[in-house]
Amino acid sequence: MEKIEKSSTSGLPINLSEIFSATTNNVICRIALGRKYSEDTTKFKKLLREFTELLGTSDVGDYLPWLSWISHVNGFNAKAKKVAKEFDQFLDGVIEEHMNQHNKQTNDHKGIQGQDQKDFVDVLLEIQRQNKVGFPMERMNIKAVIFDMFSGGTDTTYTALEWAMSELLRHPKVMKELQHEVRKVSGGKSSISEDDIDNLHYLKAVIKETLRLHPPLPLLLPTISTKDVKIKGYDIVEGTELIINAWAIGRDPSSWEKPEEFLPDRFLNNSIDFKGHHFELIPFGSGRRICPGILFAMQINELFLANLVHKFDWSLPGGANEKDLDMTESLGITIHKKSPLIATANQCSF
Ligand code: HEM
């Protein structure tokens with residue numbers, strides 16, 4: 001917010017994509033690892049970027065096993081090994097740091113950090129020490145869980161914010177309506193807090209509509225059928241890899257009126273949500289493997305978006321027309337805007 005504040009006083013446009021990416025990274029770093037790892041930011045960011053690029057690259061051998069040699073020749077396997085090794089080393093460092101901190105505090109007789117200061121790694125290490133899950137938890141398991149949280153949580157959350165803000169900039173009427181709601185609920189306070197969120201119904205509709213049109217993981221994650229099933233007349237045999245196109249489902253004209261239009265109002269008077277029960281809206285998947293980070297992602301997105309539009313009025317740089325905003329999608333497992341979202345924050349006039 002400070003950065004945006006500064007840009008608003010200077011009147012200079014700001015790269016919102018960068019801000020969203022750094023903020024979600026920092027929030028997840030703080031919760032998972034206990035601190036921001038700002039000093040390692042460049043290396044860490046590069047690692048995450050390389051990792052998501054790899055995830056988004058199709059490995060031909062997955063589909064045609066006799067062609068798996070291609071991944072050796074084109075460098076895919078070598079790159080995957082390099083990124084895996086570097087991530088592994090980074091996570092080893094994080095675990096060592098937490099263990100040293102724990103040992104130091106135990107030796108100083110201060111006990112483990114206060115209950116409310118524990119981060120996710122502390123909790124996992126405590127489970128490991130106390131053997132709380134009934135089976136030995138290896139360091140490898142801990143690293144895998146933290147890694148899951150990063151790979152699942154950072155890119156997706158920031159992408160949702162990027163699309164939401166882009167759609168708001170393209171639809172000034174929706175932006176106004178949202179600002180009206182947020183400013184009314186804030187009641188003159190300088191910021192929106194978690195307690196206010198339950199009263200922000202239009203905000204929730206804006207985010208749902210964003211996730212309908214722009215599910216950050218458009219093809220969810222590949223799933224393998226565990227038994228033979230018949231779906232809509234199609235026989236799917238056990239062991240088949242299934243790819244579910246949440247992007248197409250969200251734009252299906254048989255489920256949605258004017259499916260290509262950004263119309264948050266469509267969610268105001270119905271109970272459709274994205275928690276996996278309404279199959280026409282499944283940006284987080286559904287069933288046993290539904291995203292476990294929904295609540296966390298929503299808290300970050302709702303709070304951040306509400307405060308952005310509460311505090312500032314927004315416009316496109318150089319007085320560009322909203323229809324000129326480039327909405328081209330990137331390629332990859334997570335679909336971002338191809339070009340970064342640049343906008344100008346103006347001190348709000350309410
Ligand atoms: C807007 C933000 C997010 C979106 C759109 C999203 C979407 C998804 C989707 C589509 C899946 C696959 C579900 C399936 O295949 O049925 C998934 C899995 C997962 N997500 Fe999220 N996610 C988001 C945020 C988060 C956050 C913040 C976290 C954690 C901090 C997280 C952690 C995970 C994990 C660990 C999995 C794998 C679950 C498993 O394999 O069983 N996600 N997410």
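Whatever order the structure lists ligands and atoms in, that order sets their numbers, starting from 1.
- Among the atoms of Met149, none of the N or O lies under 3.5 angstrom from an N or O of ligand 1.
- Here atom 6 (C) of ligand 1 lies nearest to Phe284 when heavy atoms of Phe296, Phe284, Phe274 are compared.
- Summary of contacts: the protein heavy atom closest to atom 40 (O) of ligand 1 is Arg289 NH2, 2.8 Å.
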- Task: Go through Glu126 and Arg129 one step at a time and tell me if the salt bridge (Lys or Arg N to Asp or Glu O under 4.0 Å) criterion holds.
- Result: CA-CA 5 Å; Glu126 198 176 305; Arg129 271 192 298 272; 5.1 Å; no
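- Around atom 22 (N) of ligand 1, the closest heavy atom drawn from Cys291, Ala164, Gly285, Pro215 belongs to Cys291.
- Closest heavy-atom approach to atom 24 (C) of ligand 1 among the candidates Ile282, Thr156, Asp148: Thr156.
- A donor atom on one side chain and an acceptor atom on the other are found under 3.5 Å apart for Asp313 and Gln179.
- Among all non-hydrogen protein atoms, the one lying nearest atom 2 (C) of ligand 1 is Ala297 CB, 3.6 Å.
- Using a 4.5 Å heavy-atom threshold, the side chains of Glu177 and Asp265 count as separate.
- Of the protein's non-hydrogen atoms, Leu217 CD1, 3.5 Å is the one closest to atom 9 (C) of ligand 1.
- Under the 3.5 Å distance criterion, with hydrogens and angles disregarded, no donor-acceptor pair is assigned to the side chains of Glu138 and Gln128.
- Classified by interplanar angle (parallel below 30°, tilted 30° to 60°, perpendicular above 60°), the ring pair Trp163/His214 is parallel.
- Ligand-side atoms of ligand 1 in range of Thr157: 2 (C), 24 (C), 27 (C), range being under 4.0 angstrom from any heavy atom.
- Within the listing of ligand 1, atoms 5 (C) sit less than 4.0 angstrom from a heavy atom of Pro216.
- With hydrogens left out, the protein atom closest to atom 25 (C) of ligand 1 is Gly152 O, 3.4 Å, a heavy atom.
- The one candidate from Arg251, Arg266, Lys258 that meets the salt bridge (Lys or Arg N to Asp or Glu O under 4.0 Å) condition with Glu209 is Arg266.
- Across the listed options Gly153, Pro292, Gly293, Pro283, Pro292 owns the non-hydrogen atom lying nearest to atom 19 (C) of ligand 1.
- Between atom 12 (C) of ligand 1 and the options Leu161, Leu221, Thr154, Val27, the minimum heavy-atom separation is to Leu221.
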- Task: Report the C-alpha distance between Asp326 and Lys338 in whole Å, list the side-chain angles of each, state the deciding distance to 0.1 Å, and finish with yes or no for salt bridge (Lys or Arg N to Asp or Glu O under 4.0 Å).
- Result: CA-CA 8 Å; Asp326 181 11; Lys338 195 169 178 192; over 6 Å; no
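- In this structure, the side chains of Lys6 and Glu2 stay at 4.5 Å or more apart for every pair of heavy atoms.
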